[in-house]
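Just the heavy atoms: all of them, side chains too, but no hydrogens, waters or symmetry mates, feed the values below. Note that the coordinates shown come from a computational prediction; the quantities given were computed from them, not determined experimentally.
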Amino acid sequence: MSGHPTWTTVCRLDEIEVEGGVLALVGGEAVAVFRTHDDEVHALSNYDPIGRASVLARGIVGTRGGVPYVASPLHKQGYDLRTGRCLDDEEVRVATYDVAVRDGVVLVAPGPPHA
């Protein structure tokens, strides 16, 4: 976790449902933090650029063709949890954030996010 002076503590890993998400405020930005079925943790901007609303933390987590993704609760576009790339429109992407789990606690690095 070096390289980031302060990480934001989000919650304990076991407080995020498997294939679920939570919302966190990280460096003044709304960040959606997700836990996959294999306990991988990913962080994306909460803002859905297609639906134009901050809703991704409430999306449905799963896999599509081996890619872990979240489906927006608005129009169901899928976003790759690893890269933020929209699986349904290659021109669209959401920002991703560095995330770590230390001693069972989920931490997210403040921006700048990875575009």
Pairwise side-chain contact, I50 with S72, heavy-atom cut-off 4.5 Å (strictly under)
no
Of all heavy-atom pairs between P68 and T63, which one has the smallest distance, and what is that distance?
CA-CG2, 4.1 Å
P49 to V94 - nearest heavy-atom pair and separation:
CD-CG1, 3.4 Å
Any side-chain to backbone donor/acceptor pair from R35 onto L13? Under 3.5 Å, distance only.
yes
Heavy-atom distance under 4.5 Å between the side chains of V92 and E90, does that happen here?
no
Using every non-hydrogen atom in the two residues, find where V18 and H37 come nearest and quote the distance to one decimal.
CG1-CA, 3.6 Å
Please check if the side chain of E15 supplies one atom and the backbone of R12 the other of a donor-acceptor pair under 3.5 Å.
yes
Can you tell me if T36 uses its side chain to pair, donor with acceptor, with the backbone of E40 under 3.5 Å?
yes
Less than 4.5 Å apart, any side-chain heavy atom of R52 and any of Y47?
yes
Begin with the C-alpha distance, continue with both residues' side-chain angles, and end with the deciding distance and a verdict on side-chain contact (heavy atoms from CB on, under 4.5 Å) for H42 and T96.
CA-CA 8 Å; H42 302 275; T96 61; over 6 Å; no
Does the side chain of S45 come within less than 4.5 Å of L56's, by heavy atoms?
no
Are any side-chain N or O atoms of N46 and backbone N or O atoms of A32, one a donor and one an acceptor, separated by less than 3.5 Å?
no
Criterion side-chain contact (heavy atoms from CB on, under 4.5 Å) on L44 and V70, from CA distance to verdict:
CA-CA 10 Å; L44 302 176; V70 61; 4.0 Å; yes
Is it true that, when you exclude D103 itself, more than 12 heavy atoms of the residues, nucleotides or ligands shown sit nearer than 6.0 Å to its CG?
no
Taking atom types as modelled and ignoring hydrogens, do the side chains of D48 and Y79 form a donor-acceptor contact shorter than 3.5 angstrom?
yes
Hydrophobic clusters here meaning ILVMFWY residues chained together by side-chain heavy-atom distances under 4.5 Å, can you tell me if W7 and V105 are in one?
yes
Can you give me the closest heavy-atom contact between V61 and F34, atom names plus distance?
CG2-CD2, 3.5 Å
Heavy-atom check, side chain of V33 versus side chain of V108, under 4.5 Å
yes
Can you confirm whether P73 sits close enough to I60 that some side-chain heavy atom of one is under 4.5 Å from a side-chain heavy atom of the other?
no
Would you sort out whether V106 and V99 count as a side-chain contact (heavy atoms from CB on, under 4.5 Å), showing the intermediate values?
CA-CA 7 Å; V106 177; V99 63; 3.9 Å; yes
Hey, does L107 have a side-chain heavy atom less than 4.5 Å from the side chain of V101?
no
State, to 0.1 Å, how close H75 and G51 come at their nearest heavy-atom pair, and which atoms those are.
CD2-CA, 3.8 Å
Which heavy atom of V22 sits nearest to which heavy atom of C11, and what is that distance?
CG2-SG, 4.4 Å
Residue pair D80 / L87, side-chain heavy-atom distance below 4.5 Å:
yes
